[in-house]
Amino acid sequence: MKDTEGYVTADGRQIGGVLMELNNITLKFGGVTAISDISFDIHEGEIRAIIGPNGAGKSSMLNIISGFYTPTIGELWYKGEKRPQMRPYEIARMGVARTFQNIALFEGMTVLDNVMTGRLTHMHAGVAAQALWYGKARAEEIANREIVEKVIDFLEIQSIRKTPVGRLPYGLKKRVELARALAAEPSILLLDEPMAGMNVEEKEDMSRFILDVNDEFGTTICLIEHDMGVVMDLSDRVVVMDYGKKIGDGPPDEVRNNQDVIDAYLGVPS
Amino acid sequence: MLDAAKTDETLLEVNNIEVIYNHVILVLKGVSLNVKKGGITALLGGNGAGKTTTLKAISNLLHSERGEVTKGSIIYKGERVQDLDPATLVKRGVIQVMEGRHCFEHLTVEENLLTGAYTRKASKGEIDADLQMVYDYFPRLKERRKSQAGYTSGGEQQMVAIGRALMSRPDTVLLDEPSMGLAPQLVEQIFEIVKSVNEKEGVSFLLAEQNTNVALKYAHFGYILENGRVVMDGPASELRENPDVKEFYLGVSDEGRKSFRDVRSYRRRKRWLA
Amino acid sequence: ESLYTPNLSYRTGPFAATGIPLMNGQKDYMSMLNARDGGVGGVEIAFEECETGYSTEKGVECYEKTKGKAIVTQPWSTGITLQVLPKTNIDMIPILAPGYGFSPMMDGKTFQWAFNAPSGYWDGADMIVQFIESEGSLEGKKVAFLHLDHPFGKEPLPVLEAAAAEKGFELLPIPVGLKEMQNQSAQWLQIRRERPDYVVMWGWGAMNAGAITEAVKTKFDMSKMLGIWWSGHDADLAIVGDKGKGYKSISWSFPDVDAGVMADIKKHVVDAGMTESNETEMSGVFYGRGVVMSMILAEGIKVAQDHFGEANINAEQLRWGLENLNVTEERLAELGMSGMVPPFATSCANHTGHSGGWMLEWDGAKFVKVSDHLTPNTASYSDIAMKSAADYATANAPWPVNEECGG
Amino acid sequence: MLYRTAGQFKTSYNSDQALFPIKQDAFLLGVILLFALVIFPLTASEFTFQTILIPIMIYSLAALGLNILTGFAGQLSLGTAAFMGVGAYACYKMVTLMPWMNPIVAILFSGVFSAGVGVAFGIPSLRIKGFYLAIATLAAQFFLVWLFEKWAWLYNYNASGAIQVPNLKMFGVYIAGPQASSVVQYFVVLFIVSLLTMVCINLTRGNLGRTWKATRDMDIAAELIGINLMKSKLTAFAVSSYIVGVAGALFVFMWRGAAEPNLFDIPLSFRVLFIAIIGGLGSVMGNFLGAILIVGLPVVLNLLPAALGIPISSATVEHLNIMCIGSLIIFFLIVEPHGLAQLWKLIREKLIIWPFPH
Amino acid sequence: MLNDIFIAPFADMIAAPDFLLQVLWEGLVSGILYALIALGFVLIFRSSRIFNFAQGIMVVFAALTLVGLHAMGIPAWISVALTLGVMFILAVSIERIVLRPLVGQPDIILFMASIGITLFLIGGGEIIFGGENKVMITEELGIPTGDTVLEPWGGLLILQHLDITVVLVASALVAALLAFLNYTQMGRAIRALGDDHQAALSVGISLQTVWVLVWFIAGIIALVTGIAWGARAGVSFALEVIAYKALPVLMLGGLESITGAIIGGLLIGILEKLFEIYWGQPLLGGNTETWFAFVLALFVLLFRPQGLFGEKIIERV
Ligand SMILES: Nc1ncnc2c1ncn2[C@@H]1O[C@H](COP(=O)(O)OP(=O)(O)OP(=O)(O)O)[C@@H](O)[C@H]1O
Ligand SMILES: Nc1ncnc2c1ncn2[C@@H]1O[C@H](COP(=O)(O)OP(=O)(O)OP(=O)(O)O)[C@@H](O)[C@H]1O
Ligand SMILES: CC(C)C[C@H](N)C(=O)O
Ligand SMILES: [Mg+2]
Ligand SMILES: [Mg+2]
C-alpha cells in the first residue's frame, strides 16, 4: 500500500490520506471484459467521481468495491489493509454503503422502514428480546429511530415518512435510497448515478445533500454521474473510464481538457 | 432550430383527464394536452408531477398498475382510444418507450429489437432493413446483439428500448425520460435521432423529460406539469425564455448558470399553484 | 318426527367410484322403508348424507356437525371410525361400521358404542387365509399383502402376521400410497420380482381398479389374487372383463336381483324416480351390500323400539338395539333378503357378530359364489383383540369398560 | 368522520411505535377482546366452538407462521402442513413419553422440533429462489408425510398408524383428549394464539422484521446494505416453522383429537397458503381475516341450502363448495391482490378522508 | 448395511437383466407422461410467469369431457374435436375472467389464481361428470391395446402397445412445440411476455391472443396426456395427483425449458422407479416415489439453481 499524504483541494479543503486503493483490477464476464487493468485510489474525505460512456464499466467498478462482483484479477486495499474475499454484507459492515443505478429500495416497506434498514448493521438485540419487545430491543429501536429521524430531517423527507416507497416518484426514491445509505453512517458512500432522472432543481437539492454529507460527517464519497455540470462542480478528483479502461484521472479541470476524454465521452467540451 | 409545430393538425388530444391509482390515490387532476401531427411535444415537470402517468394513460398501460382514467377523454386521430387495448394502439401507430428501460432480460438484444416488429406484417427483408437502421443509430447495440439484454449496461438497455420502439414503425412515439442515465454525448445523439426520425419519417413525439435543457432545445411545444396539473404551456421557444422556467428547470438565473456548489443555502421553492 | 341417521358418505374424490354403489344401496333401502312402511315402527328415517370424500378430516367435521341430533354415526371409513371412536364414548352415539372399522371393536365390553357387524376385518383376513390354505399347505409359501397405505389397509396386519408365523408362510406387505393408487407400476414390479404365490389385496376406491388392471398387464395369475370385501366391485373388474377371470373376493353379502327386497325397492324407489342408481349397478355386489347395511341399522332401530316400547328412540336406546340384533334365516326371509347375508347375532360383549361369508369369483362378467358359507376362526385372534382393546383403553384413560357384559 | 386521525399527535418516538397509534384501532381491539373473552365463551355452542372458533384461531396461527416466511421473508413455502405435522408428532411423542409434562408446555415446546426441521429444509434457500425454492418445501412436504407413515416409533406402533390424543389434565381440568370440553380448549387456543401473535407483531415491526422484509423485497440489495442473508432466511424458517409447528400441535391436541399422516398432506398446506394470501401476505391481521373467510365459508355454504330449504345432495353441496372457494379465491385476488388486510387498509384510508372523496 | 446400499442392488440388476429392462421401460413410460404434464406447465410459465397449478386438473377435465361426450353417443373422433372446442372455450374464459384482471401481479398471486382455477374445475367437473371412475375410450380411438412379450436373456419383457404409442405421440408433440417456440414470431412473443408483461404490452404484443393461444395449446397437451393416462389407469379425479409429479420434473428441467421438461421427466421417471425397486422397497419400506423426485430435484437445484435447462436467473444491481 502506498503511503500517501492527503492534499488540499482547489477550494482549500484538506483531504486525508488514502482510504481505499484498487490495484490492477480486471473483471471479465465470460467473453466480455467489463474492466481491464484499472488502478485508482480514493482519499479519505474526498468526493471522487467516476465518469465514462455507457457500458464503460463504472457500475461494475462500484460493484467490485461493494463486493457484489469479485474481480477476476487485482486487489483492493481498504483502510490500510488488503481486503480478503468477503461476502457483500461483511463489506457493508466495514462501513461501505451505497445507492444503486436502478433504484433498489425495498418496495414493500415504508420510507421509515427502508431507512431503518440502513441501521441494521448497528443493531444487535437478540431474537428473544425482540419477540418480547423488551429491554435492549426496545431501547435500541428507539435510539436508532432517533438517528434515522435525523437523517430524514436532513434529507427533508419528513412528510413521506410513512408512505410505502412503491408509491413514490422516482426522484424521491433516489433520495430515500440516499437516506438509507446515510443511516448506516458509512465511512465511504458509493453513489451510482444519484441524479439520473431529476430536473435541475432536484439536482441542486441532491447536490446540496451530497456536499453536506461530505462536509458535516466527513464521509468519503465515490459517485458515478453523467451530468457533467454536477461532476465538475462537486468532485475533487475524477476517474474517466472507457470500454473498461481508464483514460483519465485527475481534478475536474484537468480531465475536462483531456482530449481522450473529450473524444470518448464529452463530445464537446462543456 | 424548429420552433413552431409543423402542422396545426391535432394528432392526439387529451382532455381534462383524471387518473386514480388503487382506487384512492388521485394523481392526475385534470390534464389536457394537444400533440400536433409531425411535431415534438415535450412534457416537463418535477418528480412525481405525473408525466409517466399521463403517458401511460395515453398508451393504456395504466390498467396493469391498478390505475384508471376516471374522467376526461383521450382522442387519437379523431377517435376515442381510451378503451382500446395497448396492442391495438400499437397497431394504430402509438408506441410507448417506458421509463426505466423495460427490456426483455432473457432475450438477446437482437430478439428484443425484433419484438418491436411484432405487430407489423412486414417481410423479412423490410425488417432486416429496419434492424440495420437501428444498428446504424446505435452501433453499440450491434456489438452486443447476441448478449442477453439483462446483462447489458443501463445505457445500452435504454438504447434497446428506443430501438425496439422504432422497429414498430410508429406514427407517434411516447418517450418517457429517454435521456435518463445516458452519457452526455449519447443524450445529444438520442435527441438527434428523435429529431431526424421526426423530420425524415414524420413521426410525432410526445416526450416526458427531466432534462429540460435538451428537451426544450429539440421540442416544438412544451407543457409543464406540476402536481398532476398543467401549469404552463407554450411553444418551446417561449418556454425557454420564461424566467420561471429558466430558474427552476434550466438552472440559470440572470447571472448565468450557477455552480452546484453554490446552491447550499436553503431556498423555498416557488410554486405556480400552491 | 323422524329418526336422524346421518351417513358420512362420499360421492366425490378418488374413492367415490366404490363409495357410490354402496351408498346408493343404503339410501334406496331407507327410502323404500319410508315409502313402504312409513319408516321403521312408524317413524320416518331421516337418512341424510354428509360428504367426506373419504377424507378423515372432513369426516370428523361431518361427525361434529351431525352429532347433535344423530342417533347413530356411520363413518364409512376406518380412518374416520378411529378418530370418532373416543368421541362417541363421550357424546354417547353408537358407531355403525358394518364390515369395517377397528377390528378390536368386536370387544363390546371395551367399545360399548362401536359396532362392525356382521363381520370385521380380522374375520375377513382369517377367512382368506383359511381359503388359500384349503388350496394347499401354506408352509414356505409367499403371500404378498397389497394394501392401501391408510388405517384401513393396515387393519388386518396383526392377524395376517400371526397367521404367517403360525402357518409358516412369508408375508410381504406392499403398501400403496393414496397418491399412487392409479399408478401402481412400482408395486407390481415388486410383485413380479418377488413372485409371491398369492396376492391378498386390501384395496378401496381407485386402488382396486388400478391393481386389477396392473395385475392383468403384468400377467399375474388372477386366480391367485384375493381381495377383502371392499375390493370386489363389479365395475372395477368390468374394466378388464374376461382377463379378470379367477379373481376372488371374500364377501359377507351377495346380491340377488330377484330378492323380495329388490322388488320392493324397484316398486317404491326406482319407479318413483327416487334412486340415483341404475340397473347395472343394482345387480352388483356393492349395491346389494349397501342394502344389507341399511337393513342392519333398521333392524337395530326396530329391536330398540320393540324393547323400549317407544318409536322415537334415542341414541342410547339404539345402542341397545344394535347390541341385541338377531338376524336369523327366518328374519331374513321376512325381509326378503334370504341369501344376501349370512344370519348373525350380536350381544353386549360381541359387537361384530362374525357372520362369516362366501368366497366370490369373477367369471368374466359377474361375481359368483365359489365356496360354501365360510366362518372365521375367531379364537385364533381373540387374544390379540382383547389385548388391543385393553391397550386402547389404557392409552385413552379414563376409558369406561362395561364389566357387566358376560362372555 | 368516524375514523378521524387528525388531532392525534404523537409526541415521542416511543408513542409513535406503540402498537395502536390510532385510538379507533385500540377501541376495535377492545371490542374484539370483549367478544373473545366474554361473549363467545358464554354464548357459543359446541358446534360453533368446534367448527368455527377453534379452527379459525388455529388456522390463523398456522397462516401467521407461513406468512412470516412467505409474506415477510419472501420465501415461498408449500410445505406448511408437513411442519405442522412435525409439531403434532413431536407433541404426541412428548406427552406419551413424559406423561407428567404440562400439556401447554409440551405444545409450546413442540414448535422447537419443527423449527429444527424447518431450518434444515430452509438451508437450500440460500441458493435456490422463487418457485424453485418451492421444491425444497415440497420435498419436505412429501418426505415428512412419508416418514410419518413409515416411522412407526412416531405413532407408538399403533395398529392404525394414526396418533390419538390421550386425555390430558392441567390443574385438574381435562384440556386435551376426548374428555376435554370445548370451552377449555377454546381458552387454551386463545391464550397460545394471542401470545404468539403478540410475538409475531413484535418481531415483524422490529429489526428482524425489517431484515426479513428487505430480504423479501430485494435480496441482492439487502445483502449489499449489510444483511446476512443466511441468517435472515434461516431465522425466518426457524420462527415460521416454530409457529407452524405449534399450530400443528394445537390442531391435533386442541381440536382434531387424532391425526393420521395424511392429514398433513398438501391440501392442508394449500389451505393455509390460501388463508395467508387471501388475508394478505406481509400482514399479521390478514391471517385472521383470511381464516375467517376460508374456514367460515364452507360452514356457511354447508348450512345455506338446508337453511333455505333447497334440497341438494351433500355431494353436490361439497362440489359447489369447492367451486365457490375456487371462484372466491380468484375474486378476492382480482379485487385486491394484496389481500383482505390491504382491503381493510384501503377502507380505512377512505374512512379517514371521508366524506371528502380525495 | 453398506452391502445393502451399494452392492446388493447392483447385483440384483445384473442377476435379472430382463427385469431391469422392464423397470427401465416402466420408468421411461411414466417419465414421458410426467413430461407431458410438465410441457403444459412450461408453455404457460414461459408466456406469463404463471406457475399453472391447474395443468393437472385440465388433464382430468379434458379426459372426462372426452369420455363424457362419447358416452352421450357421439362418435369417438367427433368427441375429440368437441373436446378441443371445450378446451378452447376454457382457455378463452380463463383469459377473460382470471388472467386479464390480474395482469402484472406478482407471481405468487397468479399461482394462487391457478389454484383457484383448479378448485373451480374440480368442483365443476364433479358436478358435470360425477365422481365415478370411467374407462377411457381407447379402442374407439384406434389406439392399440395389445402387448408384445419379448424374452431377452431368456427372461420376460412385456411392452404394452399403448405405452409404445404414448412414447411416439409424445415425441412428436415435443418436436412440434420446440419448432413453434424457437422459429416463429409468436414463439418470440411468448418468450418476451414471460420477461416483462408491461414492456410486452408496450410493444403491442396482445396478451389476450398469446394467452388464449398458449392456454389452448396447454389444453391440447392436457387432452393428449389425459388420453394416455386414462388408457393406463382409468379416468377419474384421482388422476389429479399426478400433477404433483410434474412439479419436480419442471424444477429439475428448468421452468422455462421444453427440453428440460422432457429430460427432467425421463430422468425422474426412470430414477424414481429404479430407486423404489432396488433401494426403496428392500430398505425403506417402499412408497419412496412420493418424495424421491422432489429430493432429487432439490439435490440438482443445489448445484444448478435454475434447473438443468432453465434460464439463468439474472442478478444485477
Ligand atoms: N402504481 C402506482 N400506485 C400508486 N401511486 C402511483 C403509482 N404510480 C405512480 N404513482 C404516483 O403518481 C404520482 C405521479 O407519478 P409519475 O410516475 O406519473 O410521475 P413522473 O412525473 O413521471 O415523475 P418522475 O419524473 O419521477 O418519473 C407520484 O406521486 C407517484 O407517487
Ligand atoms: N453480470 C454481468 N454479466 C455479463 N456482462 C456484464 C455484467 N455486468 C456488466 N456487464 C457488462 O459489462 C459492461 C459494463 O457494464 P456497467 O454496468 O459497469 O456499465 P456502466 O459503465 O455502469 O454503464 P452505464 O453508464 O450505462 O450504467 C457492459 O457492457 C455490461 O453489459
Ligand atoms: C369403510 C370402507 C367401506 C372403506 C374402507 N375400506 C375403510 O374401511 O376405510
Ligand atoms: Mg452503470
Ligand atoms: Mg416518470
Side-chain angles (χ1 to χ4, degrees), chain D residues 70-71 74 76 78 121 123-124 126-147 149-152 218-221 224 265-266 270 273-274 277-278 281 315-316 318-335 337-339, chain E residues 45 49 51 53 97-98 100-102 105-128 130-131 241 244 247-248 250-252 254-255 284-288 290-299 301-303 305-307 310 313 315-317:
Chain D
T70 304
L76 176 61
L78 302 178
F121 279 98
I123 291 173
L126 304 178
R127 252 183 92 70
I128 306 176
K129 291 180 184 166
F131 282 121
Y132 286 101
L133 179 64
I135 200 75
T137 56
L138 279 173
Q141 172 69 65
F142 290 105
F143 181 75
L144 289 172
V145 169
W146 176 84
L147 201 66
E149 246 155 39
K150 298 288 164 189
W151 192 7
M218 206 173 216
D219 57 349
I220 304 176
L224 283 166
D265 214 338
I266 201 151
F270 276 141
L273 188 64
F274 291 154
I277 292 185
I278 298 267
L281 286 177
T316 316
E318 180 66 21
H319 298 149
L320 285 174
N321 226 328
I322 299 177
M323 272 176 90
C324 284
I325 294 190
S327 328
L328 275 174
I329 287 174
I330 297 171
F331 173 78
F332 276 105
L333 291 179
I334 293 174
V335 172
H338 300 287
Chain E
F45 188 81
R49 296 285 126 168
F51 193 87
F53 198 76
I97 300 168
V98 185
R100 200 178 291 180
L102 287 174
Q105 293 305 327
D107 295 352
I108 187 167
I109 299 296
L110 294 167
F111 170 60
M112 207 70 240
S114 81
I115 299 182
I117 297 174
T118 308
L119 293 183
F120 186 83
L121 287 181
I122 292 181
E126 296 213 30
I127 289 180
I128 302 172
V241 295
Y244 290 111
L247 302 180
L250 281 169
M251 311 268 176
L252 182 77
L255 286 169
L284 296 170
N287 257 342
T288 56
T290 49
W291 54 263
F292 179 79
F294 294 91
V295 175
L296 177 72
L298 178 58
F299 187 74
L301 287 185
L302 284 179
F303 296 93
Q306 72 276 27
I313 301 152
E315 295 199 326
R316 292 281 307 268
V317 282

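Note on naming: letters A, B, ... go to the chains in the order of the sequence lines (proteins, then strands), and numbering restarts at 1 for each one. As the structure is a computational prediction, the values presented were derived from the model and not from experiment.
- With a 4.5 Å cut-off on non-hydrogen atoms, Leu110(E) does not touch chain D at all.
- With a 4.5 angstrom heavy-atom cutoff, Phe274(D) touches chain E via backbone and side-chain atoms both.
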**Study point:** Test side-chain contact (heavy atoms from CB on, under 4.5 Å) applied to Leu138(D) and Leu298(E), step by step
**Key:** CA-CA 9 Å; Leu138(D) 279 173; Leu298(E) 178 58; over 6 Å; no
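- Checking side-chain atoms of Trp146(D) against main-chain N and O of Gly286(E) turns up a donor-acceptor pair under 3.5 Å.
- Of the possible donor and acceptor atoms, one in the side chain of Tyr132(D) sits under 3.5 Å from a partner among the backbone N and O of Leu255(E).
- The distance between the ring centers of Trp291(E) and Phe143(D) falls below 6.0 angstrom.
- Ring to ring, Phe111(E) and Phe131(D) are close: their centroids are under 6.0 angstrom apart.
- For a residue to count as touching a neighbouring chain, one of its non-hydrogen atoms must lie under 4.5 Å from one of that chain's; by this rule Thr288(E) touches chain D with backbone and side chain alike.
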Check your understanding: Hey, mind stepping through Ile108(E) and Thr70(D) against side-chain contact (heavy atoms from CB on, under 4.5 Å) and telling me if it holds?
Key -> CA-CA 10 Å; Ile108(E) 187 167; Thr70(D) 304; 3.7 Å; yes
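- Contact annotation for Phe53(E): only side-chain heavy atoms (C-beta onward) come within less than 4.5 Å of a heavy atom of chain D.
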Check your understanding: Checking side-chain contact (heavy atoms from CB on, under 4.5 Å) for the pair Lys150(D)/Leu284(E): CA distance, chi angles, key distance, verdict?
Key -> CA-CA 8 Å; Lys150(D) 298 288 164 189; Leu284(E) 296 170; over 6 Å; no
Exercise for review: Mind running side-chain contact (heavy atoms from CB on, under 4.5 Å) on Leu273(D) and Met112(E) for me, showing each step along the way?
Suggested key: CA-CA 9 Å; Leu273(D) 188 64; Met112(E) 207 70 240; 4.0 Å; yes
